[in-house]
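Read through the structure below, which is laid out as structure tokens, and then see the notes.
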Amino acid sequence: MRYGVRDQRRPLVFPRGFLWGAGTSSYQVEGGVTEGGRGPSIWDVFTGRPGTAHHGDTGKVACDQFHRYPEDVATMAKIGLPVYRFSVSWARVMPDGKHVSQAGLDYYRRLIDELRTKGIEPMVTLYHWDLPQALEDEGGWRSRALVRCFAAYAKIVHAALGDRVRYWITIDKPFCGAFLAYGSGLHAPGHGDPSAALLAAHHQMLAHGTAVAELRASAPPEHKFSLALSFSPALPENHEPENIDATRRFDGLRNRFFLDPLLGKGYPTDVLADAAQVADLGAAVKDGDLAKIAEPIDWLGVNYYAPTRIKRLADTNAPRECALPGFGGMSVAPPHGRLTAFGWEQHPDSLSDLLRWLNWETGGLPLVIVENGAAFDDTVAADGRVHDIERINYLREHLRAVHSAIERGVDVRGYIVWSFLDHFDWVAGYSKRFGIVHVDFATQRRTLKDSAYFYRDVIVGNAVPAIGASSG
Ligand code: BGC
């Protein structure tokens, strides 16, 4: 372990101007799903079906940020957050997918004004998985028509909020919004069709590039555009040739499938060949699509939680846990070492390796970590505080990994911790707590966890404090 907690005796200072923040997404925190003219999203409909999210949980109320945003912004100010990353709900802004709701846009203007009065910079994600159900009814991301719909929606939001927002993320993780949503069926809208998953991924990548080109045409130069991709470095269980090949395949579809076209390299040919058993993406990729996907971005949003351990199964018909389309005979092996409450492996070395790999692959494109964090079983103690020492250790070790990458020349510009609040965590419902702020979902009471105090110290010092020097 290169970044163990025991060996940090000096503060690790980050570059001047480094962006520190915390993030959420609309369906996970807003609630108010029938208020302010909001229309139904695919997550409302999906969680209305039995057996989808844990315990039948839904985002109907979530953290009630729709009503409580002034309190939440005041809490952010207490932590000293310079940046708040949140997503706009497409279904709030365009309830039927076609017509604009001024009330929906006004909500985000109010939220942003509140942030600005506290000196907090908004970072807006235009799509974090909550598609208007009306658009899903017309084929959702399987339909190429969504590319134009998304670009039109993006322009509406940009026109309404562009005087107040500099940082823009088009789409959050097409891996989840396409593969989990249309391929494994684990996420809304819950389709289990590998070929639809690839199609949906292509359309999301195309929607991203199309929107960036159109937004940039009318945006002032200080507006910065990006896409958020999630990466899970693939680690082979052993070095037998079969395992190495399985690792290449996993890495191809999980990581390179999204990064390569963004960088103008097209879809990786080995991945297309692997996926050919389930889908031929060729027909969906029209002339000019790849150039549009490769529309230059200002920085890449990086989501990282954990690596994936890969092993090749002897039986290619065996059921598999891997959610990637067309991956018969591959299994995700159990994680190693310390785990989070989600069962995810804590492996900060993979983050610094990932950042160095991205630096190499992108030719030095600026990177912003837009999600990193961990779920633990936090409770409010008798002293009224939440002593989430495991999260502090997780953050410390991962920030240390980021710092190490920067020292080795990687251009990392910011770090957005996931998450600001405990929230509705998709299929895990309310059973997994990711926040640096605890939410009692019965009373909506917010309590700063010790990790929030730790993070406040990081922000104030622009450094990871030496062990023993933080108030967290
Ligand atoms: C998603 C978050 C989610 C987290 C944990 C990320 O990939 O973007 O919305 O809370 O995973 O499930």
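We count ligands from 1, going down the list as the structure has it; atoms in each ligand are counted the same way. Just so it is clear, the structure is predicted and the values come from calculations on it, not from any experiment.
- Using a heavy-atom distance under 4.0 Å as the criterion, the protein contacts of ligand 1 are Gln28, His128, Trp129, Asp172, Lys173, Tyr305, Phe342, Trp344, Glu371, Trp418, His423, Asp425, Trp426, Phe434.
- Residues satisfying the salt bridge (charged side-chain N to carboxylate O under 4.0 Å, His left out) criterion with Glu114, sequence neighbours excluded, are absent altogether.
- Partners of Glu295 by salt bridge (charged side-chain N to carboxylate O under 4.0 Å, His left out), not counting sequence neighbours: none found.
- Ring-plane geometry between Phe424 and Trp43 is classed as perpendicular, the angle between the planes exceeding 60 degrees on a 0 to 90 degree scale with a lower cut at 30.
- The salt bridge (charged side-chain N to carboxylate O under 4.0 Å, His left out) check on Asp57 picks up nothing, with sequence neighbours excluded.
- Figure legend: cation-pi geometry between Arg254 and Phe175, with NZ or CZ positioned under 6.0 Å from the six-membered ring centre and within 45° of its axis.
- Although no hydrogens or angles enter the test, the distance criterion places a donor-acceptor pair under 3.5 Å between the side chain of Tyr108 and the main chain of Ser89.
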